[in-house]
J.: 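Take a look at this one; I'll ask things after.
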Amino acid sequence: MRPALDSWSLRDLPGAFLAQELRYVGAVDTNTSPRVRFAPSPTGYFHVGSARTALFNWLFARRNHGTFILRIEDTDEERGREEWVSGILSALAWLGLEYDEGPYRQSERSALHADALTRLWDGGYLYACGCNREEVLERTKGNQTPGYDGHCRELGLAREGRALRFRTPRDGITVVKDVVRGLVEFPHRAMEDFVVSKANGSPLFVLANVVDDIDMGITHVIRGEDLLPSTPKGILLWKALEGSAVELPVFAHLPMLVNEKRQKLSKRRDPVSLEYFSEQGYLPEAFCNYLSLLGWSHPSGKELMTMEEIIQSFSLEDINHSPAFFDVVKLTHMNGEHIRLLDADVFAARSSAWLDTAPVPWARDHFDMDTYRRIAHIVQERVATLAEIIPMVDFFFLESPIYDQAAIESLATNDTTRKIVTMALDIYSRCTWAPDALHEATAAMGNEIALKLSRAQAPVRVAVTGKRVGPPLFESMAILGRERVLARLHAFAALVARTTPE
RNA sequence: GGCCCCAUCGUCUAGUGGCCAAGGACACUACCCUCUCAAGGUAGAGACACGGGUUCGAAUCCCGUUGGGGCUGCCA
């Protein structure tokens, strides 16, 4: 299905290409150190598809001791917005994908693009076009091959004030050599004379993208598969600019990330920004780990990996062909695994830092780091996201717990509740204040009225934490302290009395 | 419509002609563990889209069909 890379280097490369390769013999560094770029356009918030592309570029650069370049493709001043640019920057920062060069702004490189345009014009590769979209559509309505009909191709129109089109060869094909797809052939007759610059003179994507790639010495173009159809256009431009014998970059078109309807993830249609994941308490390393598994897999099949492990085994050749659905459920599970991988003190530090800016129900100055440190390891082994910590520890930092109404009501109609609370008030005021002793005391209490521990602890749990589920009760009580526990039991008794229906 | 890409459990994938009565992970089910909830452990259910070839032998190679997707902008 996919020809080996070296099979085509011998077979279909022209002699000139081989000569080109020979020039680099001895020039060790330029030939062995790859240069890749992540080139987002600031036309929407940063979503997971962009993150995956950025990650794969970064992984490839790190694996091969190459250079990872960030280039903002902001040539469309109509759609670009400055806040989207900072969104890109902060997303990359959160992901931990630091770039070695950039951020370059394409809009600041217009002199370069203008120069390329002039060279192409002078070389006869371009022609001016005065048609507008409506006219073209009108003329080509019934055509077999869609797109521009070449109306102005031989008109010899003056360049000024007109859009410029590339004179696509009528015959022949352009072959895209792609590491993940193999050789992909595009017949020229199915390619239109595409526009390279607008009537106002500003360059379009294909042009600016290629000119900048050439200028920056990009060796590997790693991007989404949606860009595959525009690649032959880029190659045509590349050859027009650099000569047909030029050494093209290695292309790697990554399979699309799709939504539940198997459509390409879109900024408008699938509003899941990266910000959401950091706000929900996903760990960037877990996020990257999960993302790395979308279209790529470790040769051993290992899934839970550190960034270092991923870097060490990452390779473009191992990327698969099919689109992948971004599954938040699996991401969440993996996030939990990464949380559990953390050293206890690291978890305490990172999670408390996250809590610091998260929406929490307690007053900020009621948060107590010493208490948190004591409970953190218990929380660590049962949450999948940092956001799940909040309801699990809130009762430590609240004056009185947030009561689960359903729990209160069901306990209030239960006779044993009152008994247990009364007994608990008594026994907890006398017993040793330690998890084991509290465990025994509660079990003994249950024994007296023939209740299993699971039943006997329930009212106590609700009284102390406000909820039916939570961290281990006796450890929590030990940390909370005898006074506060007793106070909550009293308050709870009153609450139950008030709630009890006659 | 045209061009291009893709096709293994619900999902992400392993698989590059025999080691596959198809392996792993998430989700699901049952059980174990257990003070609740998780975590953890064990077991289970679950897929090669279809049809033709090639071959002693095909999930793997070829052709076709079907299905899905991408592109088709003076967006990127």
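In what follows, chains carry the letters A, B, and so on, assigned in the order in which the sequence lines appear, proteins first and then strands, with residues in each chain numbered from 1.
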J.: Indicate, with a heavy-atom threshold strictly under 4.0 Å, whether Arg165(A) touches base, sugar-phosphate, or nothing.
T.: sugar-phosphate

J.: Quick one: do Arg181(A) and Glu225(A) make a salt bridge, cutoff under 4.0 Å?
T.: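 Yes.
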
J.: Using only atom types and a distance under 3.5 Å, with no angle test, would you say the side chain of Trp433(A) pairs donor to acceptor with the backbone of Met477(A)?
T.: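 A pair under 3.5 Å: yes.
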
J.: Have a look at Thr75(A) and say if it touches a base, only the backbone sugar-phosphate, or nothing, with a 4.0 Å heavy-atom cut-off.
T.: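 Result for Thr75(A) = sugar-phosphate.
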
J.: Assuming nearest nucleotide by heavy-atom distance, tell me which of Leu227(A) and Gly295(A) is located more 5' along RNA chain B.
T.: Gly295(A)

J.: So Phe314(A) and Trp296(A), would you call those rings parallel, tilted or perpendicular, with 30° and 60° as cut-offs?
T.: tilted

J.: Pick the C1' atom in rA47(B) and in rG10(B), then give their distance to the nearest Å.
T.: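 It comes out at 10 Å once rounded to the nearest Å.
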
J.: Using only atom types and a distance under 3.5 Å, with no angle test, would you say the side chain of Gln457(A) pairs donor to acceptor with the backbone of Thr442(A)?
T.: no

J.: Could you list, one pair per line, each protein nitrogen or oxygen that sits under 3.5 Å from a nitrogen or oxygen of nucleotides 24-28 of chain B, together with the distance?
T.:
{"from": "rG24(B)", "atom 1": "N2", "to": "Glu303(A)", "atom 2": "OE2", "distance (Å)": "2.9"}
{"from": "rA25(B)", "atom 1": "O2'", "to": "Glu303(A)", "atom 2": "OE1", "distance (Å)": "2.8"}
{"from": "rA25(B)", "atom 1": "O2'", "to": "Lys330(A)", "atom 2": "NZ", "distance (Å)": "3.4"}
{"from": "rA25(B)", "atom 1": "N3", "to": "Lys330(A)", "atom 2": "NZ", "distance (Å)": "3.1"}
{"from": "rC26(B)", "atom 1": "OP1", "to": "His333(A)", "atom 2": "NE2", "distance (Å)": "3.4"}

J.: For rG67(B) and rC62(B), measure between their P atoms and round to the nearest Å.
T.: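 Roughly 22 Å separates the two P atoms.
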
J.: Does Arg461(A) get its side chain close enough to the base of rC35(B), under 3.5 Å, for a donor-acceptor pair?
T.: yes

J.: Using the C1' atoms only, state how far rA22(B) lies from rA14(B), rounded to an integer number of Å.
T.: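 That atom pair is separated by 10 Å.
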
J.: Would the number of heavy atoms belonging to other residues, nucleotides or ligands and lying under 6.0 Å from CZ of Arg455(A) be above 12?
T.: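 No, the 6.0 Å shell around CZ holds no more than 12 heavy atoms from other groups.
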
J.: Take atom CD of Gln380(A) and atom C1' of rC37(B), then tell me their distance rounded to the nearest Å.
T.: 17 Å

J.: Would a line drawn from the ring center of Phe326(A) to the ring center of Tyr290(A) be shorter than 6.0 Å?
T.: yes

J.: With a 4.0 Å cut-off on heavy atoms, is Ala163(A) in touch with a base, just the backbone sugar-phosphate, or nothing at all?
T.: base

J.: Can you check the Leu137(A) CG to rU72(B) P distance for me, whole Å?
T.: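 So the two atoms are 14 Å apart, to the nearest Å.
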
J.: Is there a donor in the side chain of His298(A) and an acceptor in the side chain of Ser313(A), or the other way round, less than 3.5 Å apart?
T.: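 On atom types as modelled, these side chains qualify, holding a pair under 3.5 Å.
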
J.: Just name whichever nucleotide pairs with rA27(B), Watson-Crick or G-U, keeping both distances under 3.5 Å, else none.
T.: none

J.: Counting any heavy atom closer than 4.0 Å, what does Pro471(A) reach on the DNA or RNA strands: base, sugar-phosphate only, or nothing?
T.: base

J.: Over all strands shown, is Phe325(A) touching base, sugar-phosphate only, or nothing at heavy-atom distances under 4.0 angstrom?
T.: sugar-phosphate

J.: Using atom C1' in both nucleotides, what's the gap between rG44(B) and rC3(B) to the nearest angstrom?
T.: 47 Å

J.: Does a side-chain N or O of Arg455(A) approach OP1 or OP2 of rC35(B) to a distance below 4.0 Å, or not?
T.: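 No.
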
J.: Any chance you could measure Phe347(A), atom CZ, to Ile339(A), atom CD1, to the nearest 0.5 Å?
T.: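 Answer for the CZ-CD1 pair, Phe347(A) versus Ile339(A), is 5.5 Å.
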
J.: Say you draw a straight line from CG of Leu137(A) to SG of Cys131(A); how long is it, rounded to the nearest 0.5 Å?
T.: 11.5 Å

J.: rU13(B) and rU8(B): how far apart are their C1' atoms, nearest whole angstrom?
T.: 9 Å

J.: Touch check for Ser297(A), heavy atoms < 4.0 angstrom, all strands: base, sugar-phosphate only, or nothing?
T.: sugar-phosphate

J.: Could you tell me whether Asp212(A) and Arg37(A) make a salt bridge, using a distance below 4.0 angstrom between a side-chain N and a carboxylate O?
T.: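 Answer for the salt bridge query: no.
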
J.: Using a 4.0 Å heavy-atom cut-off across all strands, classify Ala199(A) as base, sugar-phosphate, or nothing.
T.: base

J.: With a 3.5 Å cut-off and just heavy-atom distances, do the side chain of Arg79(A) and the base of rC75(B) make a donor-acceptor pair?
T.: yes

J.: Under a 3.5 Å cut-off for both contacts, is rC71(B) paired Watson-Crick or G-U wobble with anything, and if yes, with which nucleotide?
T.: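 Answer to the pairing question: rG2(B), which forms a Watson-Crick or G-U pair with rC71(B).
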
J.: Side chain of Val184(A): nearest nucleotide among rU36(B), rG68(B), rC4(B)?
T.: rC4(B)

J.: Name the pairs: protein N/O against N/O of nucleotides 19-23 of chain B, kept only if under 3.5 Å.
T.:
none

J.: Measuring only the C1' atom in each nucleotide, how far is rU65(B) from rA27(B)? A whole number of Å is fine.
T.: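 It works out to 33 Å between them.
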
J.: Does the side chain of Ser273(A) pick up a donor-acceptor pair with the side chain of His47(A) at under 3.5 Å?
T.: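 The answer is no; no qualifying pair exists.
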
J.: Nearest-Å distance, CG (Asn209(A)) to C1' (rC75(B))?
T.: 13 Å

J.: Under a 3.5 Å cut-off for both contacts, is rA76(B) paired Watson-Crick or G-U wobble with anything, and if yes, with which nucleotide?
T.: none

J.: What is the distance from CD of Glu225(A) to C1' of rG68(B), rounded to the nearest Å?
T.: 12 Å

J.: Regarding Leu293(A), tell me which of base, sugar-phosphate or nothing describes its non-hydrogen contacts under 4.0 Å with the strands shown.
T.: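 Result for Leu293(A) = sugar-phosphate.
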
J.: May I ask you to verify if any side-chain N or O of Lys198(A) is less than 4.0 angstrom from the OP1 or OP2 atom of rC75(B)?
T.: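 Yes, because at least one side-chain N or O of Lys198(A) sits under 4.0 Å from OP1 or OP2 of rC75(B).
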
J.: Okay, side chain of Arg461(A), backbone of Pro471(A): is any donor-acceptor separation there less than 3.5 Å?
T.: yes

J.: Can you tell me the Watson-Crick or wobble partner of rU36(B), both distances under 3.5 angstrom?
T.: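 With both distances under 3.5 Å required, rU36(B) matches none.
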
J.: Applying a 4.0 Å non-hydrogen cut-off, can you work out what Glu185(A) is touching in the nucleic acid: base, sugar-phosphate, or nothing?
T.: sugar-phosphate

J.: What's Pro323(A) touching, base or sugar-phosphate or nothing? Going by heavy atoms closer than 4.0 Å.
T.: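 The answer is sugar-phosphate, as Pro323(A) gets under 4.0 Å only of primed atoms, P, OP1 or OP2.
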
J.: Just name whichever nucleotide pairs with rA7(B), Watson-Crick or G-U, keeping both distances under 3.5 Å, else none.
T.: rU66(B)

J.: Let's test this: given Watson-Crick or G-U wobble pairing with both distances under 3.5 Å, identify the partner of rU55(B).
T.: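 When the pairing criteria are applied, nothing turns out to pair with rU55(B), so the answer is none.
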
J.: P atom, rA58(B) versus rG18(B): distance in rounded Å?
T.: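 That atom pair is separated by 11 Å.
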
